[in-house]
J.: 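My questions all concern the structure below.
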Amino acid sequence: MEKLVSAQTDAMKFLLVFDFDHTIIDENSDTWIVKCAPERKLPNGLRNSYQPGHWTEYMGRVFVYLGDNGVKEDEMKRTMTTIPFTAGMIDLLGFIGENKELFDCIIVSDSNTVFIDWILKAADFHKVFDEVFTNPAAFSSTGYLTVQHFHAHHCTMCPKNLCKRKVLKEFLDKQLERGVSYTQIIYIGDGGNDLCPVMFLKKNDIAMPRQGYTLEKRISQLAQSLSPVQCSVLVWSSAIDIMSYLKSLIKE
């Protein structure tokens, strides 16, 4: 009998997919770094150089500006680790960490590896996440932070450096090859670039958009135009809302 129970528990695994900026942390890591700039602001020419869909290139120029102004790695790290987590998020991540046998947990973010690594390690949450998919970043030999595109893709909905649907699909395919499939996918995000992966979710899955942010608005626009997403939608304003949902899953 015991064997049967364990086989059942093995089968019941949930995948949590988190965005990072404005979801795990309550700010945008890329705009927060501006606190390191002289007078905590960027020159107008640089600020106005952003072109839609080319945020990574824009951030590359920001990092060059910081480097040119003598901003070093340790100062950047100190600044980044002061970003507040979203309300309830520390409790939620602690809860997931205690129940890792039930939850696989990944981050898919348009931030970069250096920022996410710093923030998660400083709060001791890096062990909660199985994988982090984000733009690769590193410090050059001259001490400048450089960032690259995560991948190439053909999706017209997404910024050219990252299609989160493609990331999610490839992750699920790889897990299937390892014999892992999920009872349910729970996607937690806030931004416009989270809509593409949410549209990929199936009927049994759950999209959890943050209340009052772009993703929630986009999902409701789709419902109004009678092309709603397939998955269920549960809006959250504090991560405690997400934790309550996860607790109800475990009880079932």
Side-chain angles (χ1 to χ4, degrees), residues 15-25 28-33 46-67 80 104-120 126 129-142 144-178 180-182 185 187-202 205 207 209 213-215 218-219 222 227 229-231:
L15 175 65
L16 302 172
V17 185
F18 280 89
D19 175 40
F20 191 70
D21 294 321
H22 293 299
T23 294
I24 290 177
I25 55 170
N28 179 326
S29 52
D30 280 342
T31 51
W32 189 268
I33 197 66
L46 175 53
R47 263 215 325 271
N48 299 334
S49 72
Y50 165 65
Q51 293 173 311
H54 297 268
W55 182 260
T56 315
E57 291 84 345
Y58 166 72
M59 284 312 298
R61 295 191 290 278
V62 171
F63 297 146
V64 168
Y65 176 75
L66 293 176
M80 294 313 287
D104 280 352
C105 203
I106 63 172
I107 289 174
V108 188
S109 163
D110 208 354
S111 180
N112 67 68
T113 50
V114 168
F115 286 177
I116 293 180
D117 205 44
W118 279 345
I119 293 165
L120 292 182
H126 55 292
F129 297 96
D130 300 289
E131 290 198 56
V132 175
F133 301 95
T134 187
N135 302 302
F139 282 89
S140 69
S141 54
T142 51
Y144 283 52
L145 183 58
T146 61
V147 63
Q148 294 167 302
H149 285 190
F150 178 74
H151 60 191
H153 64 83
H154 302 294
C155 173
T156 51
M157 277 180 73
C158 290
K160 63 183 282 232
N161 60 297
L162 176 66
C163 169
K164 294 186 177 189
R165 177 198 297 238
K166 184 180 181 187
V167 174
L168 180 55
K169 189 176 178 316
E170 286 173 359
F171 175 78
L172 292 170
D173 290 347
K174 196 176 74 181
Q175 290 296 83
L176 264 181
E177 282 169 25
R178 292 181 183 154
V180 179
S181 64
Y182 297 101
I185 300 167
Y187 190 102
I188 302 150
D190 70 279
N193 63 355
D194 293 313
L195 186 63
C196 186
V198 162
M199 289 170 76
F200 165 76
L201 299 177
K202 306 287 181 285
D205 300 327
Y213 283 73
T214 310
L215 179 61
R218 292 274 173 87
I219 290 172
L222 282 177
S227 51
V229 295
Q230 283 182 53
C231 61

J.: Among pairs that include at least one residue of residues 50-61, which meet salt bridge (Lys or Arg N to Asp or Glu O under 4.0 Å), considering only residues two or more places apart or in two chains?
T.: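 Listed once each, the pairs are Glu57-Lys160.
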
J.: Could I get the full list of salt bridge (Lys or Arg N to Asp or Glu O under 4.0 Å) partners for Asp104, not counting sequence neighbours?
T.: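 Partners of Asp104 under the salt bridge (Lys or Arg N to Asp or Glu O under 4.0 Å) test: Lys13.
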
J.: Kindly give the heavy-atom pair with the smallest separation between His149 and Pro136, and that separation in Å.
T.: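 That would be O-CD, 3.6 Å.
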
J.: What do the steps show when you test Tyr187 against Asp194 for side-chain contact (heavy atoms from CB on, under 4.5 Å), and what is the final call?
T.: CA-CA 9 Å; Tyr187 190 102; Asp194 293 313; 2.6 Å; yes

J.: Could you pull out the closest heavy-atom pair between Ala207 and Ile219, with the gap in Å?
T.: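 Smallest heavy-atom distance, with atoms named: CB-CD1, 4.4 Å.
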
J.: Do Glu170 and Phe133 come within less than 4.5 Å of each other through their side chains, counting heavy atoms only?
T.: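 SC-SC contact between Glu170 and Phe133 ruled out.
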
J.: In Å, rounded to the nearest 0.5 Å, how long is the span from SG of Cys231 to CZ of Phe200?
T.: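 Here the rounded value is 11.5 Å.
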
J.: Looking only at atom types and distance, does a side-chain atom of Asp130 sit under 3.5 Å from a main-chain N or O of Cys105, one as donor and one as acceptor?
T.: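 Yes, Asp130 side chain to Cys105 backbone: donor-acceptor pair under 3.5 Å.
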
J.: Counting N and O atoms only, with roles assigned by atom type, does the side chain of Asp19 sit under 3.5 Å from a partner on the main chain of Ser109, one being a donor and the other an acceptor?
T.: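 Between the backbone of Ser109 and the side chain of Asp19 there is no qualifying donor-acceptor contact (under 3.5 Å).
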
J.: Between CG of Asn28 and CZ of Phe20, what distance do you get to the nearest 0.5 Å?
T.: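 So the CG of Asn28 and the CZ of Phe20 are separated by 10.5 Å.
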
J.: Examine distances only and state if a side-chain atom of Lys166 and a backbone atom of Ala152 form a donor-acceptor pair shorter than 3.5 Å.
T.: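 The answer is yes, because a donor-acceptor pair under 3.5 Å joins these two groups.
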
J.: Answer yes or no: is there a donor N or O on one side and an acceptor on the other, between the side chain of His151 and the main chain of Cys163, under 3.5 Å?
T.: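 The answer is yes, because a donor-acceptor pair under 3.5 Å joins these two groups.
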
J.: Could you go through the side-chain contact (heavy atoms from CB on, under 4.5 Å) check for Asn193 and Cys158 one step at a time?
T.: CA-CA 6 Å; Asn193 63 355; Cys158 290; 5.5 Å; no

J.: Do Leu222 and Leu195 come within less than 4.5 Å of each other through their side chains, counting heavy atoms only?
T.: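 SC-SC contact between Leu222 and Leu195 confirmed.
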
J.: Is it true that, when you exclude Lys174 itself, more than 12 heavy atoms of the residues, nucleotides or ligands shown sit nearer than 6.0 Å to its NZ?
T.: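 More than 12 heavy atoms, drawn from other residues, nucleotides or ligands, come within 6.0 Å of this atom.
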
J.: Report yes or no: does Ser181 contribute a side-chain atom to a donor-acceptor pair with the main-chain N or O of Leu176 at less than 3.5 Å?
T.: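 Not confirmed, Ser181 side chain does not pair with Leu176 backbone.
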
J.: Mind telling me whether Phe115 and Phe63 have parallel, tilted or perpendicular rings, with 30° and 60° as the class edges?
T.: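 Answer is perpendicular, since the angle exceeds 60°.
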
J.: For Leu15 and Leu168: C-alpha separation, side-chain torsions, deciding distance, then whether side-chain contact (heavy atoms from CB on, under 4.5 Å) applies.
T.: CA-CA 10 Å; Leu15 175 65; Leu168 180 55; 4.0 Å; yes

J.: Measuring from Asn161:CG to Trp55:CH2, what's the distance to the nearest 0.5 Å?
T.: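 The CG atom of Asn161 sits 11.5 Å away from the CH2 atom of Trp55.
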
J.: So, Thr134 side chain and Ser111 main chain: donor-acceptor pair closer than 3.5 Å or not?
T.: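 A pair under 3.5 Å: yes.
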
J.: side-chain contact (heavy atoms from CB on, under 4.5 Å) between Ile24 and Ile119: does it pass, once the steps are laid out?
T.: CA-CA 10 Å; Ile24 290 177; Ile119 293 165; over 6 Å; no

J.: Drop me the distance from Tyr213's OH to Asp190's CG, to the nearest 0.5 angstrom.
T.: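 Between atom OH of Tyr213 and atom CG of Asp190 there are 7.0 Å.
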
J.: What is the distance from atom OG1 of Thr113 to atom CD of Gln148, rounded to the nearest 0.5 Å?
T.: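 If I round to the nearest 0.5 Å, the distance is 9.0 Å.
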
J.: Report the residues that fulfil salt bridge (Lys or Arg N to Asp or Glu O under 4.0 Å) with Asp110, sequence neighbours left out, ordered by chain and then residue number.
T.: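 Partners of Asp110 by the salt bridge (Lys or Arg N to Asp or Glu O under 4.0 Å) criterion come out as none, since no residue qualifies.
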
J.: Report the distance from atom CG of Leu46 to atom OH of Tyr65, rounding to the nearest 0.5 Å.
T.: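 If I round to the nearest 0.5 Å, the distance is 7.5 Å.
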
J.: Examine distances only and state if a side-chain atom of His153 and a backbone atom of Pro159 form a donor-acceptor pair shorter than 3.5 Å.
T.: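 Yes, His153 side chain to Pro159 backbone: donor-acceptor pair under 3.5 Å.
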
J.: Which heavy atom of Val114 sits nearest a heavy atom of Ala137, and at what distance?
T.: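 Minimum heavy-atom separation between Val114 and Ala137: CG2-O, 3.5 Å.
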
J.: If you look at every heavy atom in Ile33 and Met59, which pair is closest and at what distance?
T.: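 Residues Ile33 and Met59, closest heavy atoms: CG2-CE, 4.0 Å.
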
